Protein chains: 2
Amino acid sequence: MRVLVIDDDALVSSSLKTILEADPDIQVVAIGNNGFDAIELYKSHRPDIILMDIRMDGMTGIEAAEKIIASDPDAKILFLTTFSDDEYIIKALRLGSKGYILKQRFDSIIPSLKTAYLGQNVYGEEIIGKLPSLLKEDDKAGLENYGLTERELETISHVAEGLSNKEISEIMYLSEGTVRNYISTILEKLELRDRTQLAIFYYKKRG
Amino acid sequence: MRVLVIDDDALVSSSLKTILEADPDIQVVAIGNNGFDAIELYKSHRPDIILMDIRMDGMTGIEAAEKIIASDPDAKILFLTTFSDDEYIIKALRLGSKGYILKQRFDSIIPSLKTAYLGQNVYGEEIIGKLPSLLKEDDKAGLENYGLTERELETISHVAEGLSNKEISEIMYLSEGTVRNYISTILEKLELRDRTQLAIFYYKKRG
DNA sequence: GAAAAAAGGTGACATTTGTCATGATCATTA
DNA sequence: TAATGATCATGACAAATGTCACCTTTTTTC
């Protein structure tokens, strides 16, 4: 089994190589440090399976996986991560990638790799346990704890309706400039960048 | 363990009662034939767990489960179905209900019930195996009938992540101008006005 | 009663976004 | 072969957006 290892922590990736190659069935064909490496090395080496970190600088493992799967729908990718990062689990599953395992469980990496190689899906216990809450829409704590004023909350709901500043100003009987100021303040409070991110934030919280 | 059994096939529900009560730990407190029964009998008997068919006349098991969970968020519900009906699996998972098992496997019903009773989630092998493709289909659902190209769909998902044109262009290896053109085309195809409405559209099509 | 918070405003400014015209390449299809 | 559709690109332009500095007036709160 030819494996491609991608991890932005060189210590981790080289440790993985050592661990994996202790098994006679496994050969690490290359090591990369980011999503771009993953794409290039996959093309040039055509490994049987990719073992990749999710959180990386520049391009996340998920994004790299998207591109790789776009070019080769049969690509097998096993994700590694330090903690089970909720927002990524769904994305990883959506990709149809083979499994998602946690970095802590070093002893489970090799068996998981072999299982994935055989075409089976591998999901850690942690993942399965989290599925319902991930899919459930109630992980919305609400917008109430961000120090937002009444008028700001009102403004947010209009942004989430897809209205422009001008339209919002007409509905709320305000000048367009005031609406812009409100949104600017909201963005700062919520640590967001633009109205699109605000709308997304809103829908992730509420639905 | 006090169980409520709901199945619109009287033969099935009475068979289930017989099978379940062969176990000394289990007591079937009531039997219902539809979703309305489920809600009423849950209120009046307060069983530890409900074993319910998904496909039923009038109200599906899913709908009944929604109402029951709305009134008692801790309600434990285990679904039964003749075949693993894709469209319902996601809905059942979203409810956070305890598991989803297949009717054929009579021998697994009792162990599953006991596991669910202990608060663990129970998913049949078939379900786990289908998750990726289910989520994937769920992903494309809704966006498919608008004549969007692959690259356009890819672009949409990035917009829905809250990325700017510049960021999208870097990820997709495109010029910023191309991304703008893509989005412009997408907006026209979907009859939307700006990227915020696009993100909202995206999130309304799924969770 | 003073201070703070909320509500509302203006004008200027840089950036982002969306549109349009126009062109190129490549693969598929009629 | 010709036509189409998907892909990718430019440059120019107008409109929308977000930020900043700086105001006023009420309402709450200390």
Side-chain angles (χ1 to χ4, degrees), chain A residues 36 39-40 43 59 63-64 66-73 142-203, chain B residues 139-140 143-203:
Chain A
F36 301 98
I39 295 167
E40 289 310 312
K43 276 188 195 155
M59 193 192 303
E63 288 162 351
E66 279 174 7
K67 291 189 204 309
I68 292 168
I69 286 176
S71 71
D72 176 9
L143 306 170
E144 283 75 29
N145 313 345
Y146 292 91
L148 295 163
T149 68
E150 275 307 306
R151 290 297 257 178
E152 284 167 356
L153 284 168
E154 213 180 321
T155 309
I156 291 177
S157 73
H158 291 310
V159 169
E161 288 167 30
L163 302 181
S164 69
N165 290 331
K166 188 161 159 43
E167 287 167 336
I168 295 172
S169 74
E170 282 162 8
I171 287 177
M172 293 178 70
Y173 299 108
L174 297 173
S175 78
E176 200 187 319
T178 302
V179 174
R180 285 216 287 260
N181 287 339
Y182 279 175
I183 291 176
S184 195
T185 310
I186 291 164
L187 294 178
E188 198 185 353
K189 284 181 181 174
L190 301 186
E191 294 177 56
L192 299 172
R193 206 174 46 191
D194 54 48
R195 69 201 298 109
T196 304
Q197 291 188 349
L198 176 56
I200 293 166
F201 179 86
Y202 182 90
Y203 279 96
Chain B
D139 200 19
K140 305 269 189 221
L143 283 304
E144 251 183 8
N145 313 338
Y146 293 91
L148 296 162
T149 69
E150 275 307 307
R151 289 298 258 178
E152 285 167 355
L153 284 168
E154 214 181 321
T155 308
I156 291 177
S157 73
H158 290 309
V159 170
E161 287 166 30
L163 302 181
S164 68
N165 291 330
K166 189 162 155 51
E167 287 167 337
I168 295 172
S169 74
E170 281 162 8
I171 288 178
M172 293 180 68
Y173 299 112
L174 295 173
S175 76
E176 199 187 321
T178 302
V179 174
R180 285 216 287 260
N181 288 339
Y182 278 176
I183 291 177
S184 194
T185 310
I186 291 164
L187 294 178
E188 199 187 351
K189 284 180 180 174
L190 301 185
E191 295 177 52
L192 299 171
R193 204 173 49 191
D194 54 48
R195 69 202 297 108
T196 304
Q197 292 188 347
L198 176 55
I200 293 166
F201 178 86
Y202 183 91
Y203 279 97

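All figures in this text were calculated on a predicted structure; none of them were measured in a lab. Lettering follows sequence order; numbering is per chain, from 1.
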Chemist: If I take atom CD in residue Glu170(B) and atom P in nucleotide dC8(D), what distance separates them, rounded to the nearest angstrom?
Modeler: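 The distance from CD of Glu170(B) to P of dC8(D) comes to 16 Å, rounded to the nearest Å.
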Chemist: How many Å lie between CD on Glu176(A) and P on dT17(D), as a whole number?
Modeler: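 To the nearest whole Å, that distance equals 7 Å.
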Chemist: Can you tell if the side chain of His158(B) reaches within under 4.5 Å of the side chain of Thr155(B), non-hydrogen atoms only?
Modeler: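 No, too far: nothing below the 4.5 Å cut-off.
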Chemist: When the distance from NZ of Lys189(A) to P of dT19(D) is rounded to whole Å, what number comes out?
Modeler: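 Interatomic distance, NZ of Lys189(A) to P of dT19(D): 14 Å.
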Chemist: Toward the 5' end of DNA chain D, which comes first, Leu192(A) or Tyr173(B), by nearest nucleotide?
Modeler: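 Per heavy-atom nearest nucleotide, the more 5' residue is Tyr173(B).
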Chemist: What's the closest nucleotide to the Leu187(B) side chain, out of dT7(D), dT19(C), dA7(C)?
Modeler: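 Between dT7(D), dT19(C), dA7(C), the one nearest the side chain of Leu187(B) would be dT19(C).
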Chemist: Of all residues at least two apart in sequence or in a different chain, which pass the side-chain contact (heavy atoms from CB on, under 4.5 Å) check with Glu152(A)?
Modeler: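 Residues passing side-chain contact (heavy atoms from CB on, under 4.5 Å) with Glu152(A): Leu148(A), Thr149(A), Thr185(A), Ile186(A), Lys189(A).
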Chemist: Going by heavy atoms in the side chains, are Tyr182(A) and Leu174(A) under 4.5 Å from each other?
Modeler: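 Yes, their side chains come closer than 4.5 Å.
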Chemist: What is the distance, to the nearest angstrom, from the CG atom on Leu190(A) to the C1' atom on dG18(D)?
Modeler: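 That distance rounds to 15 Å.
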Chemist: Does anything in residues 177-186 of chain A reach DNA chain D, meaning a heavy atom under 4.0 Å, and if so which residues?
Modeler: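 Arg180(A), Asn181(A), Ile183(A), Ser184(A), in order of number.
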Chemist: Could you tell me the separation between the CD1 atom of Ile168(A) and the C1' atom of dG8(C), rounded to a whole number of Å?
Modeler: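 Rounding to the nearest Å, CD1 of Ile168(A) and C1' of dG8(C) are 16 Å apart.
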Chemist: Which residues pass the side-chain contact (heavy atoms from CB on, under 4.5 Å) test with Tyr173(B), sequence neighbours left out?
Modeler: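 Scan of Tyr173(B) (side-chain contact (heavy atoms from CB on, under 4.5 Å), adjacent residues dropped) gives Phe36(A), Ile39(A), Met59(A), Lys67(A).
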Chemist: Near DNA chain C, under 4.0 Å by heavy atom, which residues of residues 193-200 of chain B?
Modeler: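 Output list: Asp194(B), Arg195(B).
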Chemist: Is a donor on one side and an acceptor on the other found under 3.5 Å between the side chain of Glu167(B) and the backbone of Leu163(B)?
Modeler: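 No: the side chain of Glu167(B) does not pair with the backbone of Leu163(B).
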Chemist: Reckon Asn165(B) has a side-chain N or O less than 4.0 Å from the OP1 or OP2 of dT17(C)?
Modeler: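 Yes, such a contact exists.
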Chemist: Among all residues two or more places apart in sequence or in another chain, which pass the side-chain contact (heavy atoms from CB on, under 4.5 Å) test with Glu170(A)?
Modeler: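 For Glu170(A) the side-chain contact (heavy atoms from CB on, under 4.5 Å) partners, ignoring immediate neighbours, are Lys166(A).
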Chemist: May I ask you to test the Leu187(B)-Gln197(B) pair for a side-chain heavy-atom distance under 4.5 Å?
Modeler: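 A side-chain contact is absent here, since even the closest heavy-atom pair is not under 4.5 Å.
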Chemist: Could you tell me whether the side chain of Val159(B) reaches within less than 4.5 Å of the side chain of Tyr202(B), counting heavy atoms only?
Modeler: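 They are not in side-chain contact.
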Chemist: Take the protein atom CZ of Arg151(B) and the nucleotide atom P of dA9(D), then report the distance between them rounded to whole Å.
Modeler: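 My rounded result for the distance is 9 Å.
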Chemist: Can you measure Lys166(A) atom NZ to dG18(D) atom P for me and round it to whole angstrom units?
Modeler: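 My rounded result for the distance is 17 Å.
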Chemist: Between P on dC26(C) and CD on Glu150(B), what's the gap in Å once rounded to a whole number?
Modeler: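 Taking atom P of dC26(C) as the reference, CD of Glu150(B) is at 21 Å.
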Chemist: Suppose we screen for salt bridge (charged side-chain N to carboxylate O under 4.0 Å, His left out). Which residues come up paired with Glu154(B), at least two apart in sequence or across chains?
Modeler: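 With sequence neighbours excluded, Glu154(B) shows a salt bridge (charged side-chain N to carboxylate O under 4.0 Å, His left out) to Arg151(B), given in chain and number order.
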